[in-house]
Amino acid sequence: MLWCASIAGNGSGGLSSGVFKTRHRKRRQMQRTKIIDLLGSDTPRRQVLVNGWLRTRRDSKTFSFLEVNDGSCLANLQVVANDTLPNYEELRKLTTGSALAVAGDLVASGGKGQRWEVTASAVDILSVAPETYPLQKKRHSDEYLRSIAHLRPRTNKYGALFRIRADTAWAIHRFFRQRGFRWLHSPIITASDCEGAGELFRVTTLPPGDNGGSDPFSKDFFGARANLTVSGQLAAEMLALALGDVYTFGPTFRAENSNTRRHAAEFWMVEPEMAFCDLSGNMDLGEALIKEMSRFVMEECAADLELFSRFVDPGLKSTLAGTIEKPFVRIPYVEAVTILQRSGQRFSFPVEYGSDLQTEHERYLTEVHFKAPVIVYDYPKQIKPFYMRVNNDGQTVAAMDVLVPVIGEIIGGSQREERLDVLEARMQECNIDPSAYEWYLDSRRYGSVIHSGFGMGFERLLMMLTGVANIRDVIPFPRTPGNIAF
RNA sequence: UCCCCAGUAGCUCAGUCGGUAGAGCAAGUGGCUGUUAACCACUGGGUCCGCGGUUCGAGUCCGUGCUGGGGAGCCA
């Protein structure tokens with residue numbers, strides 16, 4: 001430890017400002033090391049540079065402990081700042097949230113609770129956070145943190161969450177790439193309204209109050225009604241019928257006035273589409289995807305996930321383990337109806353063939369009856385959109401919903417209707433004007449083949465993976481009705 | 001959009017029967033300590049969400065609006 005003491009001593013009082021400036025310049029040329037790499041080190045290291053933000057400070061008689069976080073991982077780095085540092089008096093006044101550059105040696109920690117710490121040879125104060133800094137060294141409510149969404153990524157929980165979000169997005173790309181899927185960039189601005197997907201956000205360049213006269217769209221940018229996409233499915237079908245297996249992964253917009261903890265106006269959706277694939281293969285892919293993402297966070301986001309299993313949902317790990325190990329239950333819609341009718345449960349909404357399953361019904365199936373993810377398939381055609389393939393019974397379509405406990409529907413998908421005549425008949429039944437879908441119908445005119453796909457809500461997946469109960473807390477800057485402040 | 005709940009110090013909350021406001025944490029000051037949600041003492045800190053009403057008197061009761069949360073519907 002002698003060499004530590006001597007280095008600390010070099011930074012002491014008698015240093016002229018010229019020498020200090022030289023040292024400062026030198027320090028700025030040092031390569032920055034991220035805290036995640038330091039804490040994972042096998043050996044001590046001389047003269048490392050750490051940039052980060054102060055989480056908390058504990059003062060001792062002749063030195064201060066500075067807990068520094070740089071966002072590279074959940075854990076803080078403990079920095080020991082001796083009173084021999086030239087700016088020690090300033091360091092003792094440092095507040096939570098201040099930005100620092102620390103130069104020093106990585107040494108085995110003399111205290112309990114951490115393996116490594118840095119003995120500072122110099123601490124540059126990059127920026128002081130005044131005492132009005134809204135984040136305190138204590139637990140804050142999720143509701144309060146939503147009101148300071150621009151600062152909440154600096155907390156342990158939201159830092160962990162947004163690391164998991166980024167890593168999971170990457171893992172989704174890896175999952176599909178390993179299976180030979182190509183990523184498709186489906187348009188954000190579209191003219192098509194994916195039937196039944198909800199209300200649309202209009203996109204226009206017309207000034208407010210200008211309705212464009214007799215033809216409302218003739219003066220508009222595209223010369224046609226335009227809106228933000230509610231689904232990349234139709235585009236994905238076209239690419240699947242060319243490249244085989246594709247997926248979209250991008251933002252999706254719904255102008256629905258939904259006020260629940262699992263709906264947002266702007267969210268991300270993963271939509272795989274596979275040529276030569278039936279409903280059964282579709283279910284296989286959905287199940288594999290959810291299992292793989294569960295395994296991914298358990299194994300590859302372990303440190304961050306630990307926070308959620310400790311403070312957010314104590315049952316998280318066993319739930320995820322069950323999701324990974326047990327096969328998903330697969331039952332036709334009729335069987336789900338029978339189970340619900342025979343359950344003896346009193347539901348607010350009656351269970352009857354031909355009406356859609358209510359939230360309370362889905363939760364009974366996943367949380368009470370099966371206690372596991374459940375895939376319900378073959379729904380009555382009258383409650384599903386025109387593009388789903390009509391089964392041989394003529395009454396049901398090859399649709400499937402993956403339901404998981406607490407979250408409810410996480411995946412909705414189907415085998416697509418590939419027969420031109422049946423598709424046109426269904427459009428007529430659903431009162432859809434085929435003229436807007438001529439390009440879509442072309443895919444059934446030329447080399448039509450069976451194909452299937454689904455949409456998975458990325459935020460709902462994150463909720464399932466972390467146990468976070470509100471979708472507003474898995475999106476950095478969530479958009480919900482009346483809420484776009486950040 | 002409908003139903004229910006809440007709004008009091010920077011944060012989390014208590015506030016009895018209607019009688020002029022409290023705690024913990026945070027902040028500031030000082031002390032102690034290889035500490036780790038550090039600890040101890042002291043100090044400062046309030047448009048009781050807004051508006052209107054009832055009352056001698058309203059944080060408390062009534063009406064209304066706003067904001068937030070939960071549930072439902074729509075869906076991913």
Side-chain angles (χ1 to χ4, degrees), chain A residues 1 55-68 75-82 92-93 95-97 107-114 117 119 129-148 155-156 194-199 230-233 248 251-271 286 311 347-349 356-360 362-363 383-385 401-404 407-413 454-464 469-474 480-483 485:
Chain A
M1 291 299 279
R55 280 293 175 81
T56 179
R57 191 194 76 243
R58 293 178 295 274
D59 297 325
S60 191
K61 193 175 191 108
T62 58
F63 56 90
S64 276
F65 293 108
L66 308 176
E67 290 249 4
V68 179
N76 300 326
L77 176 71
Q78 175 163 290
V79 173
V80 179
N82 271 293
R92 272 190 71 113
K93 291 177 189 161
T95 46
T96 298
V107 301
S109 177
K112 289 174 184 166
Q114 60 281 316
E117 66 189 20
T119 305
E131 65 275 6
T132 52
Y133 185 58
L135 292 171
Q136 302 171 357
K137 300 185 285 189
K138 57 171 258 187
R139 202 182 134 79
H140 287 293
S141 68
D142 292 325
E143 291 80 5
Y144 172 66
L145 291 170
R146 263 171 235 155
S147 75
I148 49 167
T155 64
N156 286 338
C194 246
E195 283 315 305
E199 295 295 314
V230 292
S231 168
Q233 180 195 319
T248 74
T252 307
F253 307 88
R254 304 270 168 95
E256 212 65 52
N257 188 15
S258 297
N259 292 284
T260 80
R261 52 185 187 83
R262 44 183 202 287
H263 288 88
E266 177 180 317
F267 62 100
W268 279 52
M269 192 153 60
V270 182
E271 295 178 285
F311 300 117
F347 295 111
S348 313
F349 293 87
D356 219 344
L357 299 180
Q358 303 290 317
T359 297
E360 57 176 345
E362 295 177 352
R363 295 191 68 155
I383 57 172
K384 289 291 181 185
D401 285 350
V402 180
L403 313 175
V404 296
I407 315 290
E409 183 178 347
I410 194 169
I411 283 177
F454 62 79
M456 180 182 72
F458 182 54
E459 283 78 10
R460 290 191 183 171
L461 174 73
L462 290 172
M463 291 166 73
M464 190 200 90
N470 195 311
I471 198 168
R472 300 176 188 94
D473 296 334
V474 298
T480 51
N483 192 342

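Throughout, protein chains are lettered first and strands after them, A, B, ... in sequence-line order, and every chain is numbered starting at 1.
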Pairs under 3.5 Å (N/O, protein and nucleotides 10-13 of chain B):
unit_1	atom_1	unit_2	atom_2	d
G10(B)	N2	Gln136(A)	OE1	2.8
G10(B)	N2	Gln136(A)	NE2	3.3
G10(B)	N3	Gln136(A)	NE2	3.1
C11(B)	O2'	Lys138(A)	NZ	3.4
C11(B)	O2'	His140(A)	ND1	3.3
C11(B)	O2	Lys138(A)	NZ	2.3
U12(B)	OP1	Ser141(A)	OG	2.9

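- Mapping Glu131(A) and Asn483(A) onto RNA chain B by nearest heavy atom places Glu131(A) closer to the 5' end of the strand.
- Scanning atom types as modelled, no donor and acceptor separated by under 3.5 angstrom connect the side chain of Arg262(A) and the base of A76(B).
- Contact annotation for Gly113(A): base contact, defined as any heavy-atom pair under 4.0 Å involving a base atom.
- A 3.5 Å limit on both hydrogen-bonding distances identifies no Watson-Crick or G-U partner for U54(B).
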## Note on the structure
Each nucleotide of nucleotides 42-50 of chain B classed B (base within 4.0 Å of a protein heavy atom), S (only sugar-phosphate) or -, in 5' to 3' order, makes ---------
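- By the stacking rule of 5.5 Å between ring centres and under 30° between planes, Phe65(A) does not stack on the base of G34(B).
- Base pairing analysis places G24(B) opposite C11(B); the two distances defining the Watson-Crick or G-U wobble pair are each below 3.5 Å.
- With sequence neighbours excluded, no residue satisfies salt bridge (Lys or Arg N to Asp or Glu O under 4.0 Å) with Glu362(A).
- Using bins of under 30°, 30° to 60° and over 60° for the plane-to-plane angle, the ring pair Tyr144(A)/His140(A) lands in the tilted bin.
- Nearest to the side-chain atoms of Asn470(A) among the listed nucleotides C74(B), A38(B), G69(B) stands G69(B).
- Among residues two or more places apart in sequence or in another chain, the salt bridge (Lys or Arg N to Asp or Glu O under 4.0 Å) test is passed with Asp473(A) by Arg146(A), Arg152(A).
- Within the nucleic acid shown, Glu360(A) has no heavy atom closer than 4.0 Å to any nucleic acid atom.
- Using a 4.0 Å heavy-atom distance criterion, Asn259(A) is classed as a base contact.
- Side-chain proximity of Thr56(A) to U35(B), A38(B), A72(B): nearest is A38(B).
- With both ends at atom P, the span from A14(B) to C61(B) equals 14 Å, rounded to whole Å.
- Every residue was checked against the salt bridge (Lys or Arg N to Asp or Glu O under 4.0 Å) condition with Glu117(A), not counting sequence neighbours, and none meets it.
- Here, C3(B) and G73(B) have their P atoms 16 Å apart, quoted to the whole Å.
- Nucleotides C48(B) and A21(B) place their P atoms 11 Å apart, quoted to the nearest Å.
- A58(B) and G19(B): their P atoms are spaced 11 Å apart (whole Å).
- The base of C75(B) lies outside donor-acceptor range of the side chain of Ser258(A), with no N or O pair under 3.5 Å.
- Checking the phosphate oxygens (OP1, OP2) of U35(B), no side-chain nitrogen or oxygen of Arg58(A) falls inside 4.0 Å.
- Counting non-hydrogen atoms under 4.0 angstrom, Glu266(A) reaches nothing in the nucleic acid.
- Take Arg139(A) and apply the salt bridge (Lys or Arg N to Asp or Glu O under 4.0 Å) test, not counting sequence neighbours, and it matches no residue.
- Here Phe454(A) lies out of heavy-atom contact (under 4.0 Å) with every strand.
- Among the heavy atoms of the strands lying under 4.0 Å from Ser109(A) is at least one base atom, whether or not backbone atoms are also near.
- At a threshold of 4.0 angstrom between heavy atoms, the contacts of Arg472(A) are confined to the sugar-phosphate backbone, with no base atom among them.
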